[in-house]
Amino acid sequence: MIKTLKLIFVSYWLILFVGWLYIFTQNKENTDASYLFGALYALIALAGSLLGFFYIARGWGGFSSSVGKAVSFLSLGLFGLAFGQLVWSYFNIVAKIEIPYPSIADFGYFSIVPFYGISMLILTKVGGGKVTLGQARNKLLAVVVPALFLLGSYLVFLKGIEVDFSNPIRTFLDFGQPLGEAIVISIAIMTWQLSNKLLGGVMRSKIFFILFALVFQFITDFLFYYRNARGLYANGDVVDLFYSISFTLMAIALLNLSSQSFSKKSDEQRSVEEQV
Amino acid sequence: MDENAQNPQDAAAANTPAVDIHALFDQIAEKIIEQQESIIGPVAVEQAKRVKELKIDWPQHDVDISGSPQAAIDALVAQYKELFGQIAVETCKEAVSRLTSQLTPDQLPSSLK
């Protein structure tokens, strides 16, 4: 079943990709076709988050276990992205606003900072980060990596942006989103660094795939901030293609974590071993 | 010298309550499953049930080992290692360190050394 679901997600994305090629080659950015593209790829995040929360996380005991909690928070983050994207599409299609920023959509987009952040902290613990953090080199990395990302985010996205107290939500989002995401991406990189030595087994590749999906998500977000700040962003441009890939990657990362697929694999391995 | 007087070491041994090795290994297995359950939920019990030497009634938190207790613990730890690698072994060791301190080095399962 998991294989079939993954195939459905990839096939759906491929169809969307063909649609995006049409938008891109025919210069249809900021038209109804690009708005529709935005709404359709949001469905990947919506389906992925619901499957993650109600099906995958449940297999790990939901909020009663560490892995269950990590999957639940990742699913909530993906749901936040789906919410943000669907609201953005509503503003595009119904309210006829090209770039609805700031808007209620940003609550959804911003939700990945706490949700993905909590999930990463849990995965760091599960992956043995607590053990390896004791080493002096890793302690240093835990300070240097976030500091570098915060400095980089400030220099690229925030330098020159003025604090506007008359528009506190916009100011909060202008600063909070890139800085918050810089912190989460630092935690993701730290998770990889700290877990690399001790984390193994079947879960290693699955957890590292989540980290990859997460890094891709944040590269996409940073690309959006960069282009939007310079007035280069248009609905349906390359940033939206990147978002569609990010959502698909995270949906597949969640499906990879299905405890059922693992149990089945284990049973198959055991029966082969018994036959040998 | 009084012939009835005890050697001090023998006296200490006599005062130390005898450790029920079988019950201790049952506790070690239970503690490992419990610890793994906090990480991977019901999958921990599912994995433990694959170990032939373990008889598990998890709603009662009752674990009974049949056969070699060391082999049973090694097989249990190996199940979790298959999932998470060396970190699972370290977590198991940490979870049962208080219990394994009651075992002699030759009684300790190789996976927990």
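All of these numbers come straight from a predicted model, not from anything done at the bench. Chain letters run A, B, ... following the sequence lines, proteins first, then strands; residues in each count from 1.
Atom CZ of F209(A) has more than 12 heavy atoms from other residues, nucleotides or ligands within 6.0 Å. The 12-atom threshold is exceeded at NZ of K113(B), counting heavy atoms of other residues, nucleotides or ligands nearer than 6.0 Å. Atom NZ of K93(B) has more than 12 heavy atoms from other residues, nucleotides or ligands within 6.0 Å. For I104(A), the CD1 atom counts as loosely surrounded, since its 6.0 Å shell holds 12 or fewer non-hydrogen atoms of other residues, nucleotides or ligands. More than 12 heavy atoms of other residues, nucleotides or ligands lie within 6.0 Å of CZ in F9(A), so this atom counts as buried by the packing criterion. The environment of NZ in K31(B) is sparse: at most 12 heavy-atom neighbours from other residues, nucleotides or ligands sit within 6.0 Å. When the shell of 6.0 Å around CZ of F63(A) is examined, it contains more than 12 heavy atoms from other residues, nucleotides or ligands.
Between G59(A) and V43(B), the shortest heavy-atom contact is O-CG2, 3.7 Å. In plain terms, the two heavy atoms of I87(B) and V126(A) that are nearest each other are CG1-O, 3.7 Å. Here the closest non-hydrogen pair linking I40(B) and W60(A) is O-CE3, 3.4 Å. When all heavy atoms of S65(A) and G41(B) are compared, the closest pair comes out as CB-N, 3.2 Å.
Atom CZ of residue F84(B) and atom CD1 of residue I207(A) lie 5.0 Å apart, to the nearest 0.5 angstrom. The distance from the CD1 atom of I122(A) to the CD1 atom of I39(B) is 12.0 Å, given to the nearest 0.5 Å. Atom NZ of K125(A) sits about 10.0 Å away from atom OG1 of T91(B), to the nearest 0.5 Å. Atoms CD and OG, from E37(B) and S66(A) in turn, are 11.5 Å apart once rounded to the nearest 0.5 Å. Here CE of M203(A) is found 14.0 Å from OH of Y80(B). Values are rounded to the nearest 0.5 Å.
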